[in-house]
Amino acid sequence: MADRSKIEWTDASWNPIRARNTATGKIGWHCERATTGCAGCYAEAFNRRLGTGLPFKPGHLDRGEVKLFLDERMLLQPLRWTRPRTIFVGSMTDLFGRFVPDLWLDRIFAVMALTPQHDYQIVTKRSDRMRRYVDDAVGRVCATAHAMAVSDWPGWPLPNVWLGVSAERQEEADVRIPDLLQTPAAVRFVSAEPLLGPIDLTSIRVQLAAESWMTRSALYARDALDRGQLEHRLDWVIAGGESGRNARPMHPDWARSLRDQCQAAGVAFFHKQNGEWLPWSAFNAAEIEDDPEQTRFATMEWEGDRWVDAGRPIWCDVTDGHIDDEQCVGRVGKSAAGRLLDGIEHNAMPERDR
């Protein structure tokens with residue numbers, strides 16, 4: 001548990017699911033890679049240095065080299081926090097991974113029900129498991145919360161729990177966002193970080209009822225269904241470039257597109273960071289002194305559908321005799337790259353009714 005978080009869109013983190021290295025006894029965390037977005041996972045790097053010492057691979061769990069447990073002290077920590085916080089749940093793992101039993105999830109959701117002063121944010125790559133769990137868990141969570149002394153059941157879905165999916169490319173967005181839109185939640189959001197390709201949210205459509213012909217876009221659907229008034233849309237989109245040792249560049253057009261889609265639909269947009277890389281067009285605004293033709297930074301160029309090592313900067317695209325500063329990026333580091341998108345910091349959060 002961290003009372004403060006360096007993640008720009010939250011106040012604190014909460015990680016009641018822990019892992020023990022059975023050979024060394026070291027305590028840390030466990031997760032398992034799902035898609036290409038996991039390649040530069042900060043949690044895995046942190047766990048290898050200061051946790052169990054193991055990478056996030058399923059074999060470690062299957063062979064008994066790591067044992068997971070629900071940390072009781074950590075589990076109850078939010079009950080001792082009286083000042084309201086926005087809390088990122090499971091920042092070091094995926095709550096809906098195969099390695100997390102429903103019983104543990106029931107207790108975690110019960111604690112969230114017991115602490116309505118806080119807002120909780122959950123991000124998953126296992127959108128199908130999240131959808132199945134939320135559809136099925138209300139009775140168990142309610143009983144668990146009452147056993148833990150909740151006096152006033154807040155209802156389901158819990159009004160202080162935000163559910164989100166991560167989607168780094170259109171491929172992941174097309175699979176995970178429809179699951180999210182069909183999952184009951186007070187707030188639904190997408191974390192497009194690391195953003196590794198363009199994402200068109202308006203193209204993602206979901207069938208709103210089992211026997212209905214109606215479909216609606218992820219951004220624009222607000223429909224009254226037979227089972228009650230439910231908003232089947234996204235409330236928030238986070239975008240961000242990748243950081244870390246082997247970080248891959250983010251093309252600024254990908255973040256701009258998400259920004260513009262959200263603005264057109266009235267959806268909150270939060271640009272977390274540019275990552276390690278910055279387009280040459282942004283060097284002056286970032287006050288980075290450099291001559292792109294003689295750059296001292298590692299340089300990559302966008303060619304068709306992929307980033308390639310540009311070698312010498314002069315090899316980057318030339319249009320009308322000028323280097324195309326949008327297609328070439330230099331590795332300047334996370335701090336220097338900053339959070340500005342076209343000179344503006346985007347910090348919008350979803351509106352809350354409570």
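Side-chain atoms are counted along with the backbone in the values below, which use heavy atoms only and exclude waters and symmetry mates. Remember, it's a predicted structure, so these values are computed and weren't measured experimentally. In this chain, numbering begins with 1 at the start of the sequence shown.
Cys31 SG to Lys57 NZ: the interatomic distance, rounded to the nearest 0.5 Å, is 14.0 Å. Atoms CH2 and CG, from Trp254 and Leu196 in turn, are 6.5 Å apart once rounded to the nearest 0.5 Å. Summarising the geometry, atom CG belonging to Leu163 is positioned 11.5 Å from atom CG belonging to Leu181; distances are rounded to the nearest 0.5 Å. Interatomic distance, CG of Leu70 versus CZ of Arg18, reported as 11.0 Å (0.5 Å rounding). Once rounded to the nearest 0.5 Å, the distance linking OG1 of Thr299 with CH2 of Trp307 reads 11.0 Å. Here SG of Cys262 is found 13.0 Å from CZ of Phe270. Values are rounded to the nearest 0.5 Å.
Two residues are said to be in side-chain contact when any heavy atoms from C-beta on lie closer than 4.5 Å; Phe189 and Asp235 fail this criterion. Side-chain contact between Val123 and Gln121 is absent, with no heavy-atom pair separated by less than 4.5 Å. When side chains are defined from C-beta on, Pro16 does not count as touching Gln77, because their heavy atoms never get closer than 4.5 Å. Using a 4.5 Å cut-off on side-chain heavy atoms (C-beta onward), Gln170 and Ile204 make contact. Taking 4.5 Å as the limit, every side-chain heavy atom of Ile177 sits out of range of all side-chain heavy atoms of Ser127. Put simply, the side chain of Pro116 does not reach to within 4.5 Å of the side chain of Pro154, judged on heavy atoms. Within the 4.5 Å cutoff, the side chain of Asn21 has heavy atoms near those of the Leu54 side chain. Between Leu105 and Phe96, some side-chain heavy-atom pair lies under the 4.5 Å cut-off.
The hydrophobic cluster containing Leu234 also contains Ile199, counting ILVMFWY residues as joined when their side-chain heavy atoms lie under 4.5 angstrom apart, directly or transitively. In this structure, Met130 is a member of the same hydrophobic cluster as Val237, with clusters built from ILVMFWY side-chain heavy atoms closer than 4.5 Å. A continuous path of hydrophobic side-chain contacts links Phe99 to Ile122 [ILVMFWY only; heavy atoms under 4.5 Å]. Hydrophobic clustering (ILVMFWY, side-chain heavy atoms < 4.5 Å, transitive): Val89 and Leu158 are in one cluster. The hydrophobic clustering, which links ILVMFWY residues whose side-chain heavy atoms are closer than 4.5 Å, places Val190 and Val267 together.
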Determine, stepwise, if the pair Glu193 / Glu168 fulfils side-chain contact (heavy atoms from CB on, under 4.5 Å).
CA-CA 6 Å; Glu193 186 194 8; Glu168 61 268 32; over 6 Å; no

Check against side-chain contact (heavy atoms from CB on, under 4.5 Å), Arg339 and Glu8:
CA-CA 10 Å; Arg339 297 186 54 218; Glu8 289 81 356; 4.0 Å; yes

Could you check Leu95 against Trp104 for side-chain contact (heavy atoms from CB on, under 4.5 Å), going step by step and ending with a plain yes or no?
CA-CA 9 Å; Leu95 284 190; Trp104 293 1; over 6 Å; no

May I have the step-by-step check of side chain to side chain donor-acceptor pair (under 3.5 Å) for Thr36 and Arg248, ending in yes or no?
CA-CA 11 Å; Thr36 185; Arg248 294 155 286 185; 3.0 Å; yes

Might you work through the side chain to side chain donor-acceptor pair (under 3.5 Å) test for Asp200 and Ser257, ending with a clear yes or no?
CA-CA 8 Å; Asp200 180 6; Ser257 175; over 6 Å; no

The test is side-chain contact (heavy atoms from CB on, under 4.5 Å); show your working for Lys125 and Cys38 and say whether it passes.
CA-CA 10 Å; Lys125 290 180 172 62; Cys38 299; 3.5 Å; yes

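Taking the six-membered ring where tryptophan is involved, the planes of Trp14 and Tyr120 are tilted, since the angle between them lies from 30° to 60°. A tilted orientation is assigned to the rings of Tyr133 and Phe109, their planes being inclined by 30° to 60°. Under the 30°/60° scheme for interplanar angles, the aromatic rings of His271 and Phe269 are found to lie parallel. Ring geometry for His251 versus Trp302: interplanar angle over 60°, hence perpendicular rather than tilted (30 to 60°).
Between Glu32 and Arg98, at least one side-chain nitrogen of the basic residue sits less than 4.0 Å from a carboxylate oxygen of the acidic one, meeting the salt-bridge criterion. Classification of Glu44 and Arg49 as a salt-bridged pair fails, no side-chain N sitting under 4.0 Å from a carboxylate O. Salt bridge status for Arg132 with Asp128: present, with a side-chain N to carboxylate O gap under 4.0 Å. Arg85 and Asp119 are not joined by a salt bridge, as no carboxylate oxygen comes within less than 4.0 angstrom of a charged side-chain nitrogen. Checked for salt-bridge contact, Glu276 and Lys334 miss the test: no charged N lies under 4.0 Å from a carboxylate O.
Under the 3.5 Å distance criterion, the side-chain polar atoms of Asn15 are matched with a main-chain donor or acceptor of Ser91. With hydrogens and angles ignored, the 3.5 Å screen pairs a side-chain donor or acceptor of Gln273 with a backbone N or O of Gly241. Without hydrogens or angle criteria, Thr144 side chain to Asp106 main chain gives no donor-acceptor distance under 3.5 Å. Counting only distance, with no hydrogens or angles, the side chain of Trp277 and the backbone of Ala247 share a donor-acceptor pair below 3.5 Å. At least one donor-acceptor pair under 3.5 Å links the side chain of Thr93 to the backbone N or O of His30. Looking at Thr22, its side chain does come within 3.5 Å of a backbone N or O of Gly64 through a donor-acceptor pair. Of the possible donor and acceptor atoms, one in the side chain of His118 sits under 3.5 Å from a partner among the backbone N and O of Trp81.
Sorted by first and then second residue, the salt bridge (Lys or Arg N to Asp or Glu O under 4.0 Å) pairs involving residues 142-162 (not counting sequence neighbours) form an empty list.
Here Phe88 and Trp9 bring their ring centres to under 6.0 angstrom of each other. A distance below 6.0 Å separates the ring centres of Trp162 and Trp236.
The shortest non-hydrogen separation linking Ala337 to Asn274 is O-ND2, 2.9 Å. Val134 approaches Pro184 most closely through the heavy-atom pair CG1-O, 3.6 Å. Shortest non-hydrogen contact noted between Ala145 and Ala113 is CB-CB, 4.4 Å. Contact detail for Leu195 and Gly197: the closest heavy-atom pair is CD1-O, 3.3 Å.
For Glu72, the CD atom is densely surrounded, since the number of other residues' heavy atoms within 6.0 Å is greater than 12. Shown here is Gln263, whose CD atom has no more than 12 heavy atoms of other residues, nucleotides or ligands within 6.0 Å. In Arg80, the CZ atom is crowded: over 12 heavy atoms of neighbouring residues, nucleotides or ligands sit closer than 6.0 Å.
Side-chain atoms of Ser281 and Glu326 include a donor-acceptor pair closer than 3.5 Å. Under the 3.5 Å distance criterion, with hydrogens and angles disregarded, a donor-acceptor pair is assigned to the side chains of Arg176 and Thr35.
Looking at Asp102, Asp94, Asp179 one by one, the single match for salt bridge (Lys or Arg N to Asp or Glu O under 4.0 Å) with Arg129 turns out to be Asp102.
For the pair Arg33 and Phe56, the cation does not sit on the ring face, since its NZ or CZ is not both under 6.0 Å from the ring centre and inside 45° of the axis.
Remark: Thr52 engages Asn47 in a side-chain hydrogen bond (donor to acceptor under 3.5 Å, both in side chains) (not counting sequence neighbours).
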